[in-house]
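Notes follow the structure.
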There are 2 protein chains.
Amino acid sequence: MDADVSAIGRYMKKRRAERGWSLSRTADICGVSKAMLGQIERGESTPTISTLWKIASGLQVPLSRFLVPEGVALQRLNAMPRHHDASGMIVTPLFAFDPALGFEMFAIELPQDTLSESAPHASGVVEHLVVLEGRMELFIDGGWQTLSAGDAIRFSADQPHAYRNRHPEPARIHDLIHYPFGD
Amino acid sequence: MDADVSAIGRYMKKRRAERGWSLSRTADICGVSKAMLGQIERGESTPTISTLWKIASGLQVPLSRFLVPEGVALQRLNAMPRHHDASGMIVTPLFAFDPALGFEMFAIELPQDTLSESAPHASGVVEHLVVLEGRMELFIDGGWQTLSAGDAIRFSADQPHAYRNRHPEPARIHDLIHYPFGD
DNA sequence: GGGCGATGTGCGTTATAACGCACACTCTAC
DNA sequence: GTAGAGTGTGCGTTATAACGCACATCGCCC
């Protein structure tokens with residue numbers, strides 16, 4: 001859950017090298033000291049957001065680009081914690097919320113006769129459901145909507161909504177929640 | 001050219017208020033001291049990127065949201081059209097690319113003896129695979145990695161990678177591709 | 001060879017991020 | 001009324017971000 005701040009230095013160095021800029025030149029352009037740039041690139045210091053902004057501006061890259069996750073993160077099924085909520089719905093996290101990406105994703109199992117109600121998320125939150133198995137109903141926009149295996153739906157989650165399963169077989173779905181960049 | 005860092009504090013405060021969280025509660029959730037949160041909100045201190053990451057994670061706010069002045073439109077790299085390759089891999093779109101969200105999602109079926117190679121995406125593109133059925137191998141970081149049903153993996157897609165299925169049953173996966181803000 | 005400029009690193013200094021804690025104030029329950 | 005909990009702010013302390021400068025190294029030119 002911690003930022004991989006060492007990735008900042010690596011991306012900086014890569015970007016600077018692509019442009020063929022020395023630390024001195026970059027320092028002049030960014031308005032950040034040469035010594036500090038070196039410290040950041042070597043992972044010896046973590047910049048304030050203000051300093052990183054200057055660097056991003058000088059190098060002409062979006063600031064968030066410094067923090068996009070690198071490498072490979074693998075999560076095995078049996079290593080994922082399953083959470084049963086009061087409604088009987090079983091929730092397994094697939095991808096945790098990452099501030100650089102802006103979304104999180106869950107696997108959800110809805111046993112028979114489950115009704116799970118969700119308070120509205122913050123304004124602008126968008127939710128995506130993909131039904132893998134079984135059938136379920138989604139309450140949205142004042143009515144129930146039946147979804148079957150293979151169905152995919154995207155809806156604004158900043159309103160009350162609910163999931164239920166009235167069928168004999170459990171329904172399995174994936175739920176991706178995306179948080180807004182703008183207001 | 002300087003970041004409007006005071007916007008960070010304003011947005012933090014707004015977001016916290018929407019959730020009805022006190023500084024103390026937010027501090028517990030974010031792992032940042034109450035006093036520091038107050039300083040940031042009042043514009044008296046500029047957090048390091050590490051501290052801001054913690055806050056974004058706790059408040060479930062994409063980092064970009066703190067960093068982009070309100071009203072400024074950001075650009076996304078366009079999603080690359082999916083190659084329809086000759087490998088036999090079957091691709092079904094689930095959610096089309098939306099610049100406001102920054103990702104697209106596909107359902108993929110890999111029949112037996114399928115090998116599908118992917119050229120590197122642009123720098124900063126992140127891919128997420130969830131295996132629904134069967135088993136498959138992902139080539140990444142110079143080696144093949146076997147994935148079974150229920151496994152979830154996230155990896156940087158700006159490098160060569162490949163999918164293959166050497167098993168008698170087809171593998172079914174979901175593939176979510178997230179695109180960074182433009183360079 | 002020496003001189004010069006470019007380059008990145010290390011060091012000491014200064015400024016400030018980040019913290020724990022105390023405190024004043026507000027609200028609620030008895 | 002009092003006591004207790006919750007809330008945000010200010011203060012002093014510690015850790016570290018950020019800097020200017022010196023230095024070692026390298027490459028190039030005379």
Side-chain angles (χ1 to χ4, degrees), chain A residues 1-67 99-100 119 122, chain B residues 1-69:
Chain A
M1 190 49 86
D2 233 346
D4 180 16
V5 293
S6 66
I8 296 177
R10 287 197 295 276
Y11 185 69
M12 266 177 62
K13 191 159 189 167
K14 177 180 167 192
R15 204 60 193 176
R16 186 170 65 83
E18 282 170 4
R19 290 168 174 266
W21 289 355
S22 65
L23 283 174
S24 295
R25 178 152 183 215
T26 310
D28 288 341
I29 291 166
C30 295
V32 176
S33 74
K34 177 172 68 167
M36 186 58 189
L37 292 177
Q39 282 177 260
I40 297 168
E41 285 188 0
R42 298 191 299 278
E44 292 167 10
S45 191
T46 302
T48 61
I49 193 67
S50 179
T51 298
L52 192 58
W53 181 278
K54 288 175 184 172
I55 294 166
S57 298
L59 288 172
Q60 294 183 317
V61 299
L63 212 151
S64 58
R65 178 64 192 77
F66 285 113
L67 287 165
Chain B
M1 191 50 83
D2 228 349
D4 181 14
V5 294
S6 67
I8 295 176
R10 287 199 299 273
Y11 188 71
M12 266 176 63
K13 190 160 191 166
K14 179 180 170 189
R15 198 77 184 134
R16 185 169 65 83
E18 283 172 3
R19 289 171 172 264
W21 289 355
S22 65
L23 283 174
S24 295
R25 180 156 180 211
T26 310
D28 288 341
I29 291 166
C30 295
V32 176
S33 75
K34 177 171 68 165
M36 187 58 189
L37 291 176
Q39 281 176 260
I40 298 168
E41 286 188 0
R42 297 191 300 278
E44 292 168 9
S45 191
T46 301
T48 61
I49 192 67
S50 179
T51 298
L52 190 58
W53 176 278
K54 287 175 184 173
I55 294 165
S57 295
L59 288 172
Q60 292 192 309
V61 172
L63 209 54
S64 306
R65 182 61 195 86
F66 282 123
L67 305 176
V68 180

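Protein chains get the first letters and strands the later ones, always in sequence-line order, with residue 1 at the start of each.
- What separates CD of Glu41(A) from P of dG8(C) is a distance of 8 Å, to the nearest Å.
- dA18(C) atom P lies 11 Å from atom CD1 of Ile8(B), rounded to whole Å.
- Listed candidates were dA17(D), dA18(D), dG8(D). Nearest to the side chain of Ser33(A) is dA18(D).
- Spacing between atom CD1 of Ile55(A) and atom P of dC19(D) amounts to 9 Å, rounded to whole angstrom units.
- The distance between atom CD of Gln39(B) and atom P of dT7(D), rounded to the nearest whole Å, is 19 Å.
- When rounded to the nearest whole Å, the span between NZ of Lys54(A) and C1' of dA17(D) equals 12 Å.
- Each of dA17(C), dC21(C), dG8(D) was ranked by its minimum atom distance to the side chain of Met36(B); first place goes to dA17(C).
- Distance check: Leu67(A) CG to Ile49(B) CD1 gives 5.0 Å after rounding to the nearest 0.5 Å.
- Counting any heavy atom pair closer than 4.0 Å across all strands shown, Arg16(A) reaches sugar-phosphate atoms only and no base atom.
- Separation of atoms CD1 (Ile29(B)) and OG (Ser24(B)) is listed at 11.0 Å; rounding is to 0.5 Å.
- Between the CZ atom of Arg42(B) and the CG atom of Leu37(B) there is a distance of 10.0 Å, given to the nearest 0.5 Å.
- Relative to the side chain of Pro47(A), the nucleotides dT9(D), dA18(C), dA18(D) differ in distance, and dA18(D) lies closest.
- Contacts of Glu44(A) with the nucleic acid, taken as non-hydrogen atoms under 4.0 Å apart, involve only primed sugar atoms and P, OP1 or OP2.
- When distances run from any side-chain atom of Thr46(A) to the nucleotides dA17(D), dA17(C), dT9(D), the shortest one goes to dA17(D).
- Residue Ser24(A) places no side-chain N or O under 4.0 Å from the OP1 or OP2 atom of dA6(C).
- Using a 4.5 Å cut-off on side-chain heavy atoms (C-beta onward), Ile55(B) and Ile40(B) make contact.
- Both Lys34(B) and Thr48(B) lie close to DNA chain C; mapped to their nearest nucleotides by heavy-atom distance, the more 5′-ward contact belongs to Thr48(B).
- Regarding Arg42(B), its CZ atom lies at a distance of 7 Å from the C1' atom of dG8(D), rounded to whole Å.
- Nucleotide dG8(C) holds its C1' atom 15 Å from the CD1 atom of Ile40(A), rounded to whole Å.
- Arg16(B) places no side-chain N or O within 3.5 Å of a backbone atom of Met12(B) that could act as its donor or acceptor partner.
- Here dT7(C) presents its P atom at 11 Å from CG of Asp28(A), a figure rounded to the nearest Å.
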